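Computed from a predicted model, the values in this text were never measured in an experiment. The sequence lines fix the lettering, A, B, ..., with proteins before strands; numbering per chain opens at 1.
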Amino acid sequence: AQSVTQLGSHVSVSEGALVLLRCNYSSSVPPYLFWYVQYPNQGLQLLLKYTSAATLVKGINGFEAEFKKSETSFHLTKPSAHMSDAAEYFCAVSDRVGQFYFGTGTSLTVIP
Amino acid sequence: NAGVMQNPRHLVRRRGQEARLRCSPMKGHSHVYWYRQLPEEGLKFMVYLQKENIIDESGMPKERFSAEFPKEGPSILRIQQVVRGDSAAYFCASSQQGAFYEQYFGPGTRLTVT
């Protein structure tokens, strides 16, 4: 069975500081992993995805994530936070069938 | 290229009424997925459909909920006899055939049951 754990439901960083959002997964098969961002009252927008190619994945808006099989992790990072990064971030894992399993989300606040 | 369309964006129903949520997938996409997001929670998978077929409905409540994706027209998520606990945001996603991992999400329908 697949599942995702996002550590920290709320994360605050100062503008310009490093953003680190944590995601650990469990999967019975080699996983596909995703990070989505959700702005208030909007749908989910794909930030990046891992589909068994390069373990370091670069996404939109300067975000990247590294797949670490030994740690079953897929943490999301951005070197320098911007005010526009304030949003809800969801990590998701998928097996080969098509169903996505989402974490409970991390709300990112960027402090000026 | 228009994205995934959902309507209505907001829906208010009284307890006992029916709710119909519509989802038009992206052009060229033949797979549709429905998810529910309860307050303070992540998205939970409900059902996965292809045209005229339900592929996986393991996340659907056994009663009152149904989904279809007809040959023509949008996918419909139908909730009969709604209760307060059905209040949530319902998101639809679509993908191309054979690319289930490339799911594109719509803006969601926020259902409020009064």
Side-chain angles (χ1 to χ4, degrees), chain A residues 1-10 21-25 27 29-53 57 59-60 65 67 74 76 87-108, chain B residues 2-10 21 23-26 29-50 53-60 69 88-112:
Chain A
Q2 287 71 34
S3 67
V4 169
T5 301
Q6 289 185 243
L7 297 175
S9 57
H10 298 275
L21 305 183
R22 298 179 186 275
C23 173
N24 289 87
Y25 70 91
S27 177
V29 298
Y32 288 173
L33 294 158
F34 308 81
W35 275 99
Y36 284 86
V37 60
Q38 184 181 31
Y39 297 101
N41 298 316
Q42 294 187 25
L44 277 71
Q45 180 182 3
L46 179 66
L47 277 177
L48 49 80
K49 65 180 184 290
Y50 167 77
T51 57
S52 73
V57 182
I60 62 171
F67 171 66
F74 192 58
L76 181 71
E88 189 87 16
Y89 291 81
F90 292 95
C91 181
V93 63
S94 181
D95 58 19
R96 298 297 186 265
V97 176
Q99 183 179 143
F100 277 35
Y101 299 85
F102 283 85
T104 52
T106 297
S107 178
L108 176 65
Chain B
V4 178
M5 311 278 284
Q6 290 188 250
N7 68 80
R9 294 292 307 276
H10 300 274
L21 288 63
C23 169
S24 296
M26 285 182 68
H29 286 191
S30 57
H31 297 204
V32 164
Y33 314 80
W34 285 94
Y35 295 84
R36 177 165 62 175
Q37 184 180 32
L38 295 170
E40 306 299 322
E41 294 187 16
L43 279 72
K44 299 282 194 248
F45 169 81
M46 299 182 75
V47 62
Y48 164 29
L49 310 106
Q50 294 179 17
N53 280 311
I54 297 175
I55 305 302
D56 181 355
E57 57 181 347
S58 58
M60 287 278 271
F69 188 17
Y90 292 83
F91 290 94
C92 167
S94 72
S95 72
Q96 291 181 324
Q97 174 127 8
F100 71 90
Y101 50 85
E102 293 270 1
Q103 292 188 22
Y104 294 84
F105 283 78
T109 294
R110 279 155 183 81
L111 172 65
T112 301

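The heavy-atom pair separating B:F91 from A:Q38 by the smallest distance is CZ-NE2, 3.2 Å.
Listed by first and then second residue, the salt bridge (charged side-chain N to carboxylate O under 4.0 Å, His left out) pairs involving residues 41-50 of chain A are A:K49-B:E102 (not counting sequence neighbours).
Within a 6.0 Å radius of CE in B:M5, no more than 12 heavy atoms belonging to other residues, nucleotides or ligands are found.
The contact between A:Y36 and chain B is made entirely by side chain atoms (from C-beta outward), counting heavy-atom distances below 4.5 Å.
In this structure, CZ on A:F90 lies 6.0 Å from CG on B:L43, to the nearest 0.5 angstrom. One distance of note links CZ of A:F102 with CD of B:Q37; it measures 9.0 Å at 0.5 Å rounding. With rounding to the nearest 0.5 angstrom, the OH atom of B:Y35 is 5.5 Å from the CZ atom of A:F100.
Applying the ring-ring contact (aromatic ring centres under 6.0 Å, His included) criterion to A:Y89, with sequence neighbours excluded, gives A:F63.
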